[in-house]
Novice: 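The structure is given below, and queries will be raised subsequently.
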Amino acid sequence: MKAKTPFEFYTSSQLVEITGQKAGDLKEFLESVKGLDDSSIFYHVHHAFREHQFAPGAYTNDFAHWVETEVGEHALAERLANINIKDYTELAAVRSRIVEILEAHLSRNTAAAAKHGFYFCRNIGIIMKTGHLTWDYESFCTALKRVGLRSLFFHFFEARLRLGKKSNDFSSWIKDNFGNEELARQIEALDPYIYTMDQLRDEIIALVRRASRQDRIGGILKWLKIR
Amino acid sequence: MAKNTIAEYAKFIRPQNFDELMLLAGKVAGRSLRMVNSTAVGGGVAEMLTRVVPLYNELGIKAKWDVIKGNNPFFGVTKTFHNALHGLESEVTDAMLKIYEEATAANLAELSFDEDVVIIHDPQPAGLIAAREKTKAKWVWRCHIDTSHPQPAVWDFLKKYIGRYDAAVFSTPWFARELPEPKYFIYPAIDPLAEKNRELAEGEIDAVLRRYQLDRSRPLLVQISRFDRLKDPLGVIETYRLVKKHADCQLVLAGGGAVDDPEGVEVLNQVREAAKDDPDIHVLLLPPAADLEINALQRAATVVIQKSLREGFGLTVTEALWKAKPVVASAVGGIPLQVIHNFTGLLVHSVEGAAYQIRYLINNPEAARKMGEYGREHVREKFLITRKLRNYMVLLIALDHPGRDVIQL
């Protein structure tokens, strides 16, 4: 089956800007988070996926990691770590959830000081075409294996939350071109927190290959029925 | 020194990452870039520029590298500045500031800047920004040291130069100070093909050890760094003495000098004095071209130590991790970014802590091996020269799009 429009793989490179904002305790941290722009939120809740590719589960987001290692508020760290970006389609909503968790904590506890402060950064994303263009499931899988993990990051994370597309690019293309809502849903439902980026890519490829096989079998059965 | 081609780096990283590097190079090909620092040899900055400048040219960026000139008084002043920026109490006089300004003026008279981008490394040549108005270039100040707690007198003096750049680049977010221009961070990196890091045959390692009369059958503790108080060589000797009470071992303190570090001789003499009665302590003053020796010593080490009191990024740690060595290092500067405690190495905060962890590693070779493996993978992902080339190309693009968060090419 051929798509109406091809899937074009992009990749993103990042430059990290140091905002100059620093929080020395949880109260300062809360005040800073309230004013953070989308690029900062995006950077701090996502960059562990880019940076720690060989250690799945070691880090979730920077905020949780800092609260755990530098502030020592373990329950709060766990609550922050439990924020799943897949539950959100806007960065503003992620920020609101972080603020809500921090406010709830500070309403019951004093603002613990950190051993080392939190340094806020923001992401400058440079987006480029990779030159890989695919029209069907098989060539999609081959290309996804061939492009870098930054390309996977762009289409799976960056497009969804940063560019406001509400879903990952793979699911949107599959739904719009093949009408396969189940496959689109399965890809969107993959949990990035339990995989390395390599594993996440392999899971997507496995799902698409299975759908591709089912399509072929369906085609053969249809042909036999006509005969 | 034979130059390596960019294609030779492909084997160290994922093929996809290499493809993306080439893709980015296509976007910045034709730009011109000038790097300026204060020393042609000695120290991590000179080492890295030696490697990256030819690679940028191969990638299509017209890159040049200049070294500013300075006499001993000038380098004495900039060493004081260096220590003061690291937060050490240092006396800075008006006469010293004048020496800095005069050397800057002398260099400005000899240099002209016709490139698209000029990257000035560290405080020594920072005053060259005075040429900015006469150029079309974007100016970047690349700071390799930790300026988070500087002595105010020196920072205030330098800020009148540093605050005039188009962008500043630091090695980590916590090294940065407040500046009017945008600030970015780019991790430093090592070159896996450099003489200091390339794979060595066992015979090459053995030959170096024989030359320095080191016994490969006994545990070898190695710290490689310039003879500088901030690297705490005397603390390393104390650490070794604590370890030695429980485990037979040898200690190597090896490092070179740099022309911009006049204090080094004094520290070296103190170290030699502290080590003189113990034949198992080997204090090696290495010439600038001793990269093979450093490589061999790191590869022969049972444990690599980096017990710095303050540190820039700590590229000697990166080198050891790349060689899959267990590392015991102080949790200062950029070291915690590299040594994830109990995963890619062991972080310590004292002589006693260092001694304990070294004893643990000597007696648990399997744990040491595993840490070394993780350390190598960590460096492969984050701290190789290919990633640095990529970051600077991204910086060149970002400089053309000020204020933009998403740049679509």
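Reminder, nothing fancy here: chain letters follow the sequence lines and each chain counts from 1. Only heavy atoms go into these numbers, but all of them, side chains included; no hydrogens, no water, no symmetry mates.
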Novice: What verdict does the side-chain contact (heavy atoms from CB on, under 4.5 Å) test give for A:R146 and B:D19, after you've listed the backbone C-alpha separation in whole Å, the side-chain angles of each residue and the deciding distance to 0.1 Å?
Specialist: CA-CA 10 Å; A:R146 187 72 194 88; B:D19 291 348; 2.8 Å; yes
Novice: Return the orientation label for the B:F185 and A:Y43 ring planes: parallel under 30°, perpendicular over 60°, tilted otherwise.
Specialist: perpendicular
Novice: Taking only residues two or more places apart in sequence, or in another chain, which ones meet A:D38 in a salt bridge (charged side-chain N to carboxylate O under 4.0 Å, His left out)?
Specialist: A:R95
Novice: Please indicate whether B:H149 has more than 12 foreign heavy atoms, meaning atoms of other residues, nucleotides or ligands, lying under 6.0 Å from its NE2.
Specialist: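 Atom NE2 in B:H149 is not crowded, with 12 or fewer foreign heavy atoms closer than 6.0 Å.
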Novice: Please report the closest heavy-atom contact between A:R150 and B:N17, naming both atoms and the distance.
Specialist: NH1-OD1, 3.2 Å
Novice: Checking A:K22 against chain B: side chain, backbone, both or neither under 4.5 Å from a heavy atom?
Specialist: neither
Novice: Report which part of A:F42 has an atom under 4.5 Å of a heavy atom belonging to chain B: side chain, backbone, both, or neither.
Specialist: neither
Novice: Is a donor on one side and an acceptor on the other found under 3.5 Å between the side chain of B:Q16 and the backbone of A:K145?
Specialist: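 Confirmed, B:Q16 side chain pairs with A:K145 backbone.
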Novice: Just how far is it from atom CD of B:Q408 to atom CD1 of A:I126, taken to the nearest 0.5 Å?
Specialist: 11.0 Å
Novice: Can you tell me which residue pairs pass the salt bridge (charged side-chain N to carboxylate O under 4.0 Å, His left out) test with a partner in residues 6-16 of chain A, sequence neighbours excluded?
Specialist: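 Sorted result for residues 6-16 of chain A: A:E8-A:K129.
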Novice: Pick whichever of A:I127, A:I18, A:L15, A:V16 has the most heavy-atom pairs under 4.5 Å with chain B.
Specialist: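 Sorted descending by pairs with chain B, the first entry is A:I18.
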Novice: Out of the candidates B:L24, B:I407, B:L409, B:L21, only one should pair with A:S13 under the side-chain contact (heavy atoms from CB on, under 4.5 Å) rule; please name it.
Specialist: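 One option only clears the test, and that one is B:L24.
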Novice: Quick check: are there more than 12 heavy atoms from other residues, nucleotides or ligands sitting under 6.0 Å from NZ of A:K86?
Specialist: yes
Novice: Between side-chain atoms of residues 330-343 of chain B and protein atoms elsewhere (two or more places apart, or another chain), which donor-acceptor pairs fall under 3.5 Å?
Specialist:
{"residue": "B:S330", "atom": "OG", "partner": "B:S308", "partner atom": "N", "Å": "3.4"}
{"residue": "B:S330", "atom": "OG", "partner": "B:S308", "partner atom": "O", "Å": "3.0"}
{"residue": "B:Q338", "atom": "OE1", "partner": "B:T318", "partner atom": "N", "Å": "3.0"}
{"residue": "B:Q338", "atom": "OE1", "partner": "B:T318", "partner atom": "OG1", "Å": "2.6"}
{"residue": "B:Q338", "atom": "NE2", "partner": "B:F313", "partner atom": "O", "Å": "2.9"}
{"residue": "B:Q338", "atom": "NE2", "partner": "B:G314", "partner atom": "O", "Å": "3.1"}
{"residue": "B:H341", "atom": "ND1", "partner": "B:L347", "partner atom": "N", "Å": "2.9"}

Novice: Do you know which of B:P173, B:P182, B:A176 has the most heavy-atom pairs with chain A at a distance under 4.5 angstrom?
Specialist: B:P173
Novice: Please list, in residue-number order, every residue in residues 391-399 of chain B that has a heavy atom less than 4.5 Å from any heavy atom of chain A; write 'none' if there are none.
Specialist: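 Against chain A, the residues of residues 391-399 of chain B that fall inside the cut-off (heavy atoms, under 4.5 Å) are B:N391, B:V394, B:L395, B:I397, B:A398.
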Novice: Between B:R390 and chain A, which part of the residue has a heavy atom less than 4.5 Å away: side chain, backbone, both or neither?
Specialist: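 When you check distances to chain A, only side chain atoms of B:R390 fall under 4.5 Å.
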